[in-house]
Amino acid sequence: MHLLDDAAPDVIHIHSFMGVYREFFHAAKASGIPMVFTTHDYYPICPRCTLIDAWGQNCVVRADAGACSACCRNGINLRKSMVMQSGLYARLKSSPLYNKFANIMKRRMTVNRRAISESFAEESYIDDYCSLLNYNRGIFELFDLVLANSRMTEEIYHKSFPNMSYRLARISHAGLPVKKSGQNIGRTYSNQPLIIGYFGGRKEYKGFKTLLEALRILRGEGVKYELRLFGDDYGVVDLPGVKDFGRVGPDKMNDVLDTLDLTIVPSICHETFSFVVLESLCAGVSVICSDSVGASELLEESAIFRAGDPVSLVERIKGKLAGKLRNQYIPKEYPLSMEQQVGEIRTCYEKAEKEVTLA
């Protein structure tokens, strides 16, 4: 209570509540302070945050302790968690040696997860995850307003928490190129290889495997392409025409996008939004993404394929080659300036205050 008394906030905005004790939110509720939550990920529903299980599949179970126990069995223990929060670890994360070691460990973890069986869930772990899910649900239900950054995300949350108050909140960030509403931003395909950009990393739930399978099909049909990989150390990729450009700083993003004909976001997991879609559209680059991406609502049907289906992705890429994406437009409400976003968030705070008044 001393913290809340000293700070005396008009509103508390929660980006993520991992690591914050439930008592803080109970104290804020008792003090009548409006609380707003942003759907940054799916942690209130899924302890892994992604709604993707340990086998790389979309999780169809909601708040099932047995499934969560089996899925998260290989999670880090308390000692490892404490090390990862240390200052030394924070400094090591930026070193090339760390990145090389981390990539090796990621691949091992992926292999190990495939050997997990749901029958491996012990009763004691099921009880623990039942407590965790109830704990998180108890926190989430204290919030007065939930800001969803896409319609898809709102629908997913609404299934688990139907009695909450929701509002769709457009999101943006500094540095987006400003295009006129309705401007034709598509590029015309030439006889040169189609330059494709991908930014999601090697994780299976990002759809990297789906993308590679689609390109193998296109290669077999004689389609020329060059796949440029960004945002991760991809290691060896067994496919011709692939170039690994590594990580890209925010200040270089527009320069990178300017070299592309097409950005593909093939996520299998339910992305709450995906800034890459918006960034690409604003930079004048055609976009294709899966139907599991929240930002797919910014695109026409001809640019959206079935998540995890390489044949569906091939059809969309062929559509790009045939000129079907030539007239992709930035939605009229974008790009959103930071000033506009501040104004909309302020309106949301006012709505949250009304929710508290009416409660």
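Keep in mind it's a predicted model, so treat the numbers as computed, not measured.
Between L227 and L212, the closest side-chain pair of non-hydrogen atoms falls below 4.5 Å. Y225 is not listed as a side-chain neighbour of P193, based on a closest heavy-atom distance of 4.5 Å or more. A 4.5 Å side-chain heavy-atom check between L281 and L299 finds at least one atom pair inside the cut-off.
In this structure, CD on E353 lies 11.0 Å from CG on L145, to the nearest 0.5 angstrom. Between atom CG of residue L325 and atom CG of residue L262 there is a gap of 7.0 Å, rounded to the nearest 0.5 Å. Atom CD1 of I196 is separated from atom CG of L215 by 5.0 Å, given to the nearest 0.5 angstrom. Rounding to the nearest 0.5 Å gives a distance of 8.5 Å between CD1 of I217 and NZ of K318. To the nearest 0.5 Å, atoms SG (C49) and OH (Y42) are separated by 11.5 Å. Atom CD1 in I52 sits 8.0 Å away from atom NE2 in H270 (nearest 0.5 Å).
Judged as a ring pair (Phe, Tyr, Trp, His ring centres under 6.0 Å), the pairs with a partner in residues 237-267 (not counting sequence neighbours) are, in order, F230-F245. Applying the side chain to side chain donor-acceptor pair (under 3.5 Å) rule to pairs touching residues 18-28 yields nothing, sequence neighbours excluded. The stretch residues 288-314 participates, sequence neighbours left out, in these side chain to side chain donor-acceptor pair (under 3.5 Å) pairs: R306-D309.
The two residues P266 and Y198 come nearest to each other via the heavy atoms CD-CE1, 3.5 Å. Across all their heavy atoms, Q328 and V285 have their closest contact at OE1-O, 4.2 Å. Of all the heavy atoms in I268 and N58, the pair that sits closest is O-ND2, 3.0 Å. Closest non-hydrogen pair, T153 versus T272, comes out as OG1-O, 2.9 Å. P9 approaches I33 most closely through the heavy-atom pair O-CG2, 3.8 Å. Of all heavy-atom pairs spanning C46 and T50, the tightest one is SG-N, 3.9 Å.
Of the options F143, Y135, F140, a ring-ring contact (aromatic ring centres under 6.0 Å, His included) to F25 is made by F143 and by none of the others.
In the displayed structure, D251 atom CG is contacted under 6.0 Å by more than 12 heavy atoms of other residues, nucleotides or ligands.
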As a quick check of understanding, evaluate ring pair (Phe, Tyr, Trp, His ring centres under 6.0 Å) for F37 and H13, giving each step before the final call.
CA-CA 6 Å; F37 178 82; H13 193 151; 8.6 Å; no

Would V223 and L194 count as a side chain to side chain contact (heavy atoms under 4.5 Å, CB included) if you check the C-alpha gap in whole Å, the side-chain angles of each, and the deciding distance to 0.1 Å?
CA-CA 9 Å; V223 175; L194 181 69; 5.8 Å; no

Start with the C-alpha gap between F199 and V256, add the side-chain angles, then the distance that decides, and say whether side chain to side chain contact (heavy atoms under 4.5 Å, CB included) holds.
CA-CA 11 Å; F199 298 82; V256 165; 4.1 Å; yes

Kindly determine whether F17 and F24 satisfy ring pair (Phe, Tyr, Trp, His ring centres under 6.0 Å), including the steps that lead there.
CA-CA 10 Å; F17 59 76; F24 170 82; over 10 Å; no

Determine whether N136 and L132 satisfy the following criterion, side chain to side chain contact (heavy atoms under 4.5 Å, CB included), listing intermediate values before the conclusion.
CA-CA 6 Å; N136 290 344; L132 175 63; 3.8 Å; yes

Working for side chain to side chain contact (heavy atoms under 4.5 Å, CB included), residues K209 and R202
CA-CA 8 Å; K209 182 179 179 181; R202 291 195 68 115; over 6 Å; no

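The side-chain hydrogen bond (donor to acceptor under 3.5 Å, both in side chains) search around H40 returns H15, not counting sequence neighbours. The salt bridge (charged side-chain N to carboxylate O under 4.0 Å, His left out) search around E344 returns R170, not counting sequence neighbours. A search for side-chain hydrogen bond (donor to acceptor under 3.5 Å, both in side chains) contacts involving T210 returns nothing, not counting sequence neighbours. By the ring pair (Phe, Tyr, Trp, His ring centres under 6.0 Å) test, F305 is found to be paired with no residue, residues two or more places apart in sequence or in another chain being considered. When the salt bridge (charged side-chain N to carboxylate O under 4.0 Å, His left out) test is applied to K324, no partner is found at least two apart in sequence or on another chain. Residues passing the salt bridge (charged side-chain N to carboxylate O under 4.0 Å, His left out) test with E141 are R137, sequence neighbours excluded. The ring pair (Phe, Tyr, Trp, His ring centres under 6.0 Å) search around Y205 returns none, not counting sequence neighbours. Qualifying salt bridge (charged side-chain N to carboxylate O under 4.0 Å, His left out) partners for R316, counting only residues two or more places apart in sequence or in other chains: none. For M338, the side-chain contact (heavy atoms from CB on, under 4.5 Å) criterion is met by A174, Q341, not counting sequence neighbours.
In the hydrophobic cluster analysis, where Ile, Leu, Val, Met, Phe, Trp and Tyr join through side-chain heavy atoms closer than 4.5 angstrom, L168 is grouped apart from I330. Hydrophobic clustering, with ILVMFWY side chains joined whenever heavy atoms are under 4.5 angstrom apart, groups M253 together with V277. Under a hydrophobic-cluster definition in which Ile, Leu, Val, Met, Phe, Trp and Tyr are linked whenever side-chain heavy atoms come within less than 4.5 Å, directly or via other members, I14 and I156 are assigned to the same cluster. Cluster annotation: I345 is not connected to L278 through the hydrophobic network of ILVMFWY side chains, with a link wherever side-chain heavy atoms come within less than 4.5 Å. Linking ILVMFWY residues whenever their side-chain heavy atoms come closer than 4.5 Å, directly or via other members, places V237 and I317 in the same cluster.
A side-chain donor-acceptor contact under 3.5 Å links S31 to the backbone of A27. Panel note: side chain S267, backbone C269; no donor-acceptor pair is recorded below 3.5 Å. Not one N or O on the side chain of R216 forms a donor-acceptor pair closer than 3.5 Å with the backbone of G220. The backbone N or O of G343 sits less than 3.5 Å from a side-chain atom of T347, completing a donor-acceptor pair. Remark: the backbone N or O of L147 is paired with a side-chain donor or acceptor of T39 at under 3.5 angstrom. Remark: the backbone N or O of N254 is not paired with any side-chain donor or acceptor of D258 at under 3.5 angstrom. One N or O on the side chain of Y234 and one on the backbone of G201 form a donor-acceptor pair closer than 3.5 Å. A donor-acceptor pair under 3.5 Å links the side-chain atoms of D144 to the main chain of M35, judged by distance alone. Checked by atom type and distance alone, the side chain of K243 never pairs as donor or acceptor with a backbone atom of R228 at under 3.5 Å.
For the pair E271 and K206, the salt-bridge criterion is met [side-chain N within less than 4.0 Å of a carboxylate O].
The aromatic ring centres of F161 and Y166 sit 6.0 Å or more apart.
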